[in-house]
There are 2 protein chains.
Amino acid sequence: MSAPTKRNTRQRRAIIDFLKTRKEFISAKELYSEMEDSKVGLSTIYRALSDLVNDGDLDVFIDNDGESRFRLCGSHHHHHLLCRKCGKSVEFQAPEAEALAERLGASEGFSEMEHRLEIIGTCRECV
Amino acid sequence: MSAPTKRNTRQRRAIIDFLKTRKEFISAKELYSEMEDSKVGLSTIYRALSDLVNDGDLDVFIDNDGESRFRLCGSHHHHHLLCRKCGKSVEFQAPEAEALAERLGASEGFSEMEHRLEIIGTCRECV
DNA sequence: TTGATAACGGGAATCATTGTCAATAAGCCG
DNA sequence: CGGCTTATTGACAATGATTCCCGTTATCAA
Ligand SMILES: [Zn+2]
Ligand SMILES: [Zn+2]
Ligand SMILES: [Zn+2]
Ligand SMILES: [Zn+2]
């Protein structure tokens, strides 16, 4: 993955390997129980997930019960924020949008979701 | 508002009146302290907010600290989920998207945000 | 006004997440 | 291959937002 700052421990490898086998979002607790054979502590799972998120290797979103759910990042898919006056544009990632598209599509019986999101505003210089 | 199932109590009126004066998102706890003159219990605030959300009168999103933040709904703005094969479409609301647009735009110094979001998938019949 | 019952509120309970800290094990140097 | 330094681990405690509980109070139709 993209993090050079962390040591390569058995626990971290196990977590990443597990995530690779998993396409859907998963919570820390679920990961903990599904990985019980690997003997990785819950604190370690929380720490590893947090690091992976910071390194940009994981998408996260918070579900309706307030629990965070994680998934390995796919591509370099992104969105745009652009100014309606000068056209200046900023790229951004939006895990919430990724998760939302999956959840919403699935809840309506759709599959193979893709989506488009763009935000238009007036930038500081154009106000 | 749009809820016929709830009684019209002093507390509920106070909460709605307060929300009307407030354009930004606010958390339950913040509402509690900012409304302390109105003597409304925290439990009541949580219940009222939850009811208002269920009735579609409030937008919610969960901030980075896992705390829910609320705001009175604006218009009947909505989004579309559509099938890439047959074109069938479903309308949906996405408070997360509304909140995301505001947050993200603001964080980049933009104002007067609007946005467009659409999800494309394959519907059950077209798989 | 009254009675049925929804709503209130204060405190306890829940539960995901974070902090603590002694024990352990990467990674490095010789 | 051994030690050394220090990041990492994991069991457990602590936190904090939200929900639950339950005796009390207020609403409102009749
Ligand atoms: Zn501009
Ligand atoms: Zn996206
Ligand atoms: Zn279709
Ligand atoms: Zn929208």
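Just so it is clear: chains get the letters A, B, ... in the order the sequence lines come, proteins before strands, and each one is counted from 1.
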- Query: When hydrophobic residues are tied together by side-chain contacts of less than 4.5 Å, even through go-betweens, does B:Phe110 share a cluster with A:Phe92?
  - Reply: yes
- Item | Rounded distance (Å) that lies between atom C1' of C:dT24 and atom CZ of A:Arg47 | 13 Å
- In this structure, are over 12 heavy atoms from other groups packed under 6.0 Å from A:Tyr32 atom OH? no
- Task: Assign B:Thr9 to base, sugar-phosphate, or nothing according to its heavy-atom contacts below 4.0 angstrom with the strands shown.
- Result: sugar-phosphate
- Which nucleotide in the set C:dG9, C:dT17, C:dA4 lies at the smallest distance from any side-chain heavy atom of A:Tyr46? C:dT17
- Message: What is the distance, to the nearest angstrom, from the CD atom on B:Glu36 to the P atom on C:dG9?
- Response: 14 Å
- First and last nt of DNA chain D near chain B, cut-off under 4.0 Å to heavy atoms, 5' to 3', are D:dA17 to D:dC28
- Note on the structure: Between CE of B:Met35 and C1' of C:dC8 the distance, given in whole Å, is 14 Å
- Atom CZ of B:Arg7 to atom P of C:dA4: distance rounded to whole Å? 13 Å
- Rounded to the nearest Å, what distance is computed from the CD1 atom of residue B:Ile45 to the C1' atom of nucleotide C:dA7? 14 Å
- Message: Can you work out whether B:Asn8 or B:Arg69 has the more 5'-proximal nearest nucleotide on DNA chain D?
- Response: B:Arg69
- Query: Taking atom types as modelled and ignoring hydrogens, do the side chains of B:Gln93 and B:His77 form a donor-acceptor contact shorter than 3.5 angstrom?
  - Reply: no
- Task: Please state how far atom CG in A:Leu42 lies from atom P in C:dC15, giving the value in whole angstrom units.
- Result: 15 Å
- Looking only at side chains, do A:Glu102 and A:His115 share a donor and an acceptor under 3.5 Å apart? no
- Query: Checking A:Arg71 side chain against A:Val60 main chain: does a donor-acceptor pair fall under 3.5 Å?
  - Reply: no
- Integer-rounded Å distance: C:dG9 C1' and B:Arg10 CZ: 11 Å
- Task: Answer yes if the side chains of A:Thr44 and A:Gln11 hold a donor-acceptor pair under 3.5 Å, and no otherwise.
- Result: no
- Message: Is the phosphate of C:dA7 approached by B:Thr44 (side-chain N or O, under 4.0 Å from OP1 or OP2)?
- Response: no
- Separation of atom NZ in A:Lys6 from atom C1' in C:dA25, rounded to whole Å: 16 Å
- Task: Look at all strands and tell whether B:Arg12 reaches a base, only sugar-phosphate, or nothing, counting heavy atoms closer than 4.0 Å.
- Result: sugar-phosphate
- Residue whose nearest DNA chain D nucleotide is more 5′ - B:Arg13 or B:Ser27: B:Ser27
- Query: Is A:Ile120 reachable from B:Met113 through a run of hydrophobic residues whose side-chain heavy atoms are each under 4.5 Å from the next?
  - Reply: no
- Is any side-chain nitrogen or oxygen of A:Ser68 closer than 4.0 Å to OP1 or OP2 of C:dA16? no
